[in-house]
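Reviewing the structure listed below.
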Amino acid sequence: MKWFPIGAACVWGGCRLVRIRRGAHNPAIAYLIEHNGYRMAFIVFGAIQGLVVLVAAQFLRMPPEAWLPAGWEAIKARVQRKVQQSSRDYTPGEMMRSGSFYLLYLM
């Protein structure tokens, strides 16, 4: 949450940009599948995307200490009224004895 404290909308917006960009690869993927098969297409484009992620990760930096976006306190107060959260932490043993843990684990 350090990079997206104002909400998941930032993350989903980024995913949408990735989906738009992915459309540009269709002719290349089609060509690769047609000439080398789907397995090779997965390997090649997986390697390309992996390299892009590794290169892009080199430009990430931690935000300055105690950094918060403008208006964060008002947003935080509004969200905390809607989110129900336990006021105590559970030990691993207590967690394993609760039915809700297994329900969430199976989901």
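With sequence neighbours excluded, no residue forms a ring pair (Phe, Tyr, Trp, His ring centres under 6.0 Å) with Tyr102. For Tyr90, the side chain to side chain contact (heavy atoms under 4.5 Å, CB included) partners two or more places apart in sequence, or in a different chain, are Ser86, Arg88, Glu94.
Using a 4.5 Å heavy-atom cutoff, the side chains of Lys76 and Leu68 are not in contact. Taking the side chain as every heavy atom from C-beta outward, Phe45 and Leu32 approach each other to under 4.5 Å.
Open room surrounds CE on Met40; 12 or fewer heavy atoms of other groups in view lie less than 6.0 Å from it. Within 6.0 Å of CZ in Phe42 there are 12 or fewer heavy atoms belonging to other residues, nucleotides or ligands.
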Assess whether side-chain contact (heavy atoms from CB on, under 4.5 Å) is satisfied between Leu103 and Met107, documenting all intermediate values.
CA-CA 6 Å; Leu103 177 65; Met107 290 172 43; 4.2 Å; yes
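Cluster annotation: Ile29 is connected to Ile48 through the hydrophobic network of ILVMFWY side chains, with a link wherever side-chain heavy atoms come within less than 4.5 Å.
To the nearest 0.5 Å, atom CG of residue Asp89 and atom CE of residue Met95 are 12.0 Å apart.
A donor-acceptor pair under 3.5 Å is formed between the side chain of Arg61 and the backbone N or O of Gln58.
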